[in-house]
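Data first, discussion second: the structure below is written as structure tokens.
None of these values were measured; they are calculated from a predicted model. Residue numbering restarts at 1 for every chain, and letters A, B, ... go by the order of the sequence lines.
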Amino acid sequence: MKEGQSDTIYSNSFFSYPKEWLDAESEDIAESVRKWADNEVIAKRLQFREDLEHQMKTLAILANNIGLYKLIWPEDMGGVGFPLPDVSSTLVRAYEEIGRADPGIGYISAANIALAATLLEDQGIGGEMKKKMAAAFCDSEDVTLFSLILPGLGDINAKSHRIVSGREVQAELRSEGDGWIVNAERARPFNSGYNASMYGVLASLPEGLGFAVVEADKKGVERGELLKTTGLSASLNADVRFRDVRLSEDAVAFVDESFYKRLFAWIRLLMGSVAVGSAIDVYRIVKDWADNRVIKGKGLLRDNPMDAAVLAQVAMDIVDSRLLIHNLARAMAKPEAFGIGGGDDIFILSGVISVRVLDNCMHAINRAMEMMGSAGYSKEWHVEKHWRDLKTMQVYLGGRTPVEMEVARYYYGSDVLETKEE
Amino acid sequence: MRKESPFSKNMTSSPAETYIRRIIRDWADTVVIPMRRHYDEDWHEHRLIEPAFKALMVDLGFQKAMIPAEFGGWNFGNTDYLATASAWMFEEVARADSGIALAFGVCYWPMIMVAVKPHINRRLCAEFAPMFVDTDKPAYGVVAMTEPQGGSDIENLDLLHGQTIKITARLNGDEWVINGHKLWPTNTGGLADLFGVVCTTKPGSDDDEDVAYIYVPADTPGVTQGNAYEKAGMAADKNGDVWFEDVRVPSWYRAHGPGLDARYLKEVLTLGMMSATFSVGPVMNVYEILCDFCSQKTLNGKPLMEHDAIAAELSEIVTGIEVSRAATYRLAMMLDRQDKYGPRWSPEILAMARSTKMFVADRCLEGCEKAMEIMGAYGADRNWDVEKHWRDIKMGQLYEGGKQLAQMDTARYYFDCKTL
């Protein structure tokens, strides 16, 4: 048994991470999120289960009372002014704690913070759009929920669009008068398509790419039926249609592929952090199980060598994953050493690490479930929710093959995923 | 060109198989598959599930399948074809819904002790067969095994010989008096009609003679079924707590008696490993879904199935299906031919059954996981049904003692381990 285990088992440092990359203020933020996780979510799990109203209420506490949504916005826009990209390690710690509580809340808020970070870092995006977005993140008493509509799988029966890194853009923009018109047919959002108040849309332009902010109550915005999904219940999703939705001039920014790569690097960093937190919570649950269950009528499960080997794998997966995700954060925080945000170096590294971390965390949870037998899939024990949530996150991130293609292109020059005109 | 059902036929295929598969497939395609994506919300009420189950068990008559002909059944239990026939029936049902397949299979499970040759107990068959054959409602059979604290210890008969069983059976005159608490049996949560209860006649004993298997009709005074547990999937499979408080049944409700109950209980466990089919059926359906999805959706401008890297993954999935089916039907053949392979309760057959079920569940789960990843966001979408199969197969991997007990039973036989 690790020395001092009983005191540190529920502390944030039981699984090592590089503390020198976080300052005292960042640890304070993480501690606040930790208390939120324990008091607002974990302690009330059996009462609220996956109740959406409770999830949104707790997200509002996280976003507004703790101030997570203001963290990275400059002070002159109403934010706290944590500098980008240095804040990456701080965000990783915060999202580990959120993932421990509810990966679904982590997922929707991570998508929103990733969008904010990408907009702030993209020098090509104008001040008006940034101010408008800052207001949504910093001035709202409720949580302004952004749904991301990003490139994904294409459809053989639908009109084809521009391809970015093998994925097909799901919307198209054209200028009209002094504004823009956006159209999309059955776009599958990354998150929250059913109840978002705003859509952040990466769309094709006649030449290049544009990023559009679309208010959900605009004429021509049509949401489909609520999709039932495996997990991530906090993200109510639906396919979305835009039928000649008219946008003002400042609702659209010209971007290039680096916007997509930067956004995805942030998404992968934060989702990886959520996954690590989720696996840490499963560790806590399976440890409790192994500490209290008897095998062969006598010894505790944890003292049986076969079960000890399974428990060890759970811990090893978490140790690996936590170090990997903190390393990605550090790489993103040091562009002079590891490559700029939006470049291939960080994009590829984020892909490699997020695939590994999600695989590891799913493996950890699967092993824990195997040891818990039927309790592993009983809702009462909550492990199955982490399992469903992380699997859903894994597939919403696009799965393994597209990342493998990116890696092959980067490391071997493989001509496998081009960016193509429509 | 791909055939409609491209997977290899099993080596012991028969005309009856083709006929019965067609009947079940018609039921699956018309009754279950159009509704199954609503089953998760029906886990407690069974308003959708119960009529589908009744159509299979009563209207089509499948709950008669194992009962001997002399008691009005289809006699499968009295043939050399029980496991193989179960395999293709279960596979077809599980293709539509693994939870229904499990509930279906478990309806037979308690009667294996007395309705399967060479140990048919005619008095008990006569007593309980009408529940399955002369009825207009499904008869839910239950094997009540798992107990609080014990986990899969009760299933670990070759090591523990019933030592950890807490539920007691005490002979009082010509009645057994049963007391104790069981967890998790399939077809409980208020559904159960007939329990086969695994008890001890001498608490703490590690002698097979003291393991008793006693039938208890669910309406016997002193039997209480708790509410169904909420789970990750398999809504058709209701599980709950069951309490037995001074439950009295006739002494002849014990299946066979000292020693024989433990022996044939091992056979019950071994035949339970035909639950490998509850993984195979769903992943065969996943293949059908992938055929549609991967021809519609594109990556890098090409249909997914024409993308070399995706095709490699698709190949892994169908390889897993073919090998899993071959292993499952080989196991079925071994279970059916006791003259060649030995009795179903032998450690050799148990090890073979455990390892096959473990291997098949793992491969089928991997196949589902690959499918979900290929489908991206659509893989987690209930409308495509793949994620449902993924949840169900995972549960199938874990029940019946879970993976670790399967590993121990397998290692114990092949390496002659003494203390596992």
Side-chain angles (χ1 to χ4, degrees), chain A residues 49 152-157 160 163 165-168 188-190 227-232 237 293-297 301 304 306-307 310 362 366 369-380 384-385 387-388 391-402 404-405 408 416-418 420, chain B residues 37 40 146 149-153 156 159-160 163-164 183-184 204 229-234 239 295-301 303-304 307-310 312-313 365 369-370 372-383 387-388 390-391 394-395 397-399 401-405 407-408 420:
Chain A
R49 297 285 181 97
L153 293 177
D155 192 317
I156 201 108
N157 298 313
S160 61
I163 291 172
S165 278
R167 288 90 159 172
E168 196 161 311
R188 171 61 57 95
F190 183 76
L227 293 167
K228 290 176 180 168
T229 51
T230 311
L232 300 176
N237 213 0
R293 298 287 294 190
V294 171
I295 186 169
K296 300 180 189 173
L301 272 182
N304 175 279
M306 169 189 63
D307 291 305
V310 176
M362 279 303 293
N366 270 301
M369 290 175 81
E370 285 163 19
M371 226 187 78
M372 292 175 69
S374 304
Y377 54 75
S378 163
K379 296 217 168 186
E380 180 184 350
E384 66 85 37
K385 179 178 181 302
W387 172 71
R388 287 185 290 111
K391 189 68 195 172
T392 308
M393 184 184 292
Q394 198 175 37
V395 299
Y396 263 84
L397 283 168
R400 170 185 292 275
T401 301
E404 286 175 345
M405 297 301 101
V416 286
L417 281 182
E418 290 302 309
K420 293 180 182 170
Chain B
R37 60 193 60 153
D40 277 314
T146 302
Q149 276 300 315
S152 53
D153 280 345
N156 198 353
L159 178 74
L160 296 171
Q163 188 181 13
T164 65
L183 300 175
W184 279 107
Y229 310 138
E230 195 174 0
K231 307 174 307 209
M234 283 216 174
N239 318 96
S295 59
Q296 285 177 36
K297 296 291 181 184
T298 62
L299 177 66
N300 209 26
L304 283 165
H307 191 285
D308 291 26
I310 300 292
E313 296 290 302
L365 190 63
E369 286 171 347
K370 282 182 189 295
M372 288 177 76
E373 288 210 29
I374 288 168
M375 295 171 74
Y378 301 90
D381 187 338
R382 184 110 54 102
N383 289 336
E387 65 86 36
K388 168 196 162 46
W390 172 73
R391 288 182 282 128
K394 180 69 191 177
M395 294 172 68
Q397 185 195 43
L398 302 185
Y399 54 53
K403 188 161 179 169
Q404 276 78 46
L405 179 59
Q407 290 171 329
M408 295 305 101
L420 299 181

Residue part contacting chain B, namely of [X], when any heavy atom lies under 4.5 Å:
X: Asn304(A); answer: neither
X: Glu370(A); answer: both
X: Ala408(A); answer: neither
X: Leu227(A); answer: side chain
X: Met369(A); answer: both

Looking at [atom1] of [X] and [atom2] of [Y], how far apart are the two atoms once the value is rounded to the nearest 0.5 Å?
X: Arg388(A); Y: Arg391(B); atom1: CZ; atom2: CZ; value: 7.0 Å
X: Met371(A); Y: Gln404(B); atom1: CE; atom2: CD; value: 7.5 Å
X: His307(B); Y: Thr401(A); atom1: NE2; atom2: OG1; value: 8.0 Å
X: Glu387(B); Y: Thr230(A); atom1: CD; atom2: OG1; value: 3.5 Å
X: Arg400(A); Y: Ile374(B); atom1: CZ; atom2: CD1; value: 11.5 Å
X: Met405(A); Y: Ile310(B); atom1: CE; atom2: CD1; value: 7.5 Å

- Is it true that Arg188(A) and Asp381(B) have a side-chain N and a carboxylate O under 4.0 angstrom from each other?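 Here Arg188(A) pairs with Asp381(B) in a salt bridge, since their nearest N and O are under 4.0 Å apart.
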
At a 4.5 Å cut-off on heavy atoms, which part of [X] comes close to chain A: side chain, backbone, both, or neither?
X: Met375(B); value: backbone
X: Thr298(B); value: both
X: Glu369(B); value: both
X: Leu299(B); value: both
X: Gln163(B); value: neither

- Query: If you take all heavy atoms of Ile163(A) and Gly301(B), which pair is closest and at what distance?
  - Reply: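 Ile163(A) and Gly301(B) have their closest heavy atoms at CD1-N, 3.5 Å.
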
- Message: Using every non-hydrogen atom in the two residues, find where Gln296(B) and Asn157(A) come nearest and quote the distance to one decimal.
- Response: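 Closest approach of Gln296(B) to Asn157(A): CG-ND2, 4.4 Å.
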
- Item | Option that, when pairs with chain A are counted at under 4.5 Å, heavy atom only, ranks first among Met395(B), Glu313(B), Lys403(B) |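 Looking at each of Met395(B), Glu313(B), Lys403(B) in turn, Met395(B) comes out on top.
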
- Message: Using a 4.5 angstrom heavy-atom cutoff, name the option from Gly399(A), Gly231(A), Gly154(A) with the most pairs to chain B.
- Response: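 Top option by heavy-atom pairs under 4.5 Å: Gly154(A).
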
- Using a cut-off of under 4.5 Å on heavy-atom pairs, state which of Phe190(A), Trp387(A), Tyr396(A) scores highest against chain B.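 Option with the greatest count: Trp387(A).
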
Would you mind reporting whether [Y] and [X] have side-chain heavy atoms less than 4.5 Å apart?
X: Met306(A); Y: Met408(B); value: yes
X: Arg382(B); Y: Thr229(A); value: no
X: Ile156(A); Y: Lys297(B); value: no

- Identify, with sequence neighbours excluded, every residue that meets side chain to side chain contact (heavy atoms under 4.5 Å, CB included) alongside Asp308(B).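 In terms of side chain to side chain contact (heavy atoms under 4.5 Å, CB included), with neighbours along the sequence ignored, Asp308(B) is linked to no residue.
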
- Item | Results of ring-ring contact (aromatic ring centres under 6.0 Å, His included) for Tyr399(B) - residues two or more places apart only |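 So Tyr399(B) forms no ring-ring contact (aromatic ring centres under 6.0 Å, His included) with any residue.
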
- Task: Describe, in one word, how the ring planes of Trp184(B) and Tyr377(A) are oriented to each other, choosing from parallel (under 30°), tilted (30 to 60°) and perpendicular (over 60°).
- Result: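 Perpendicular.
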
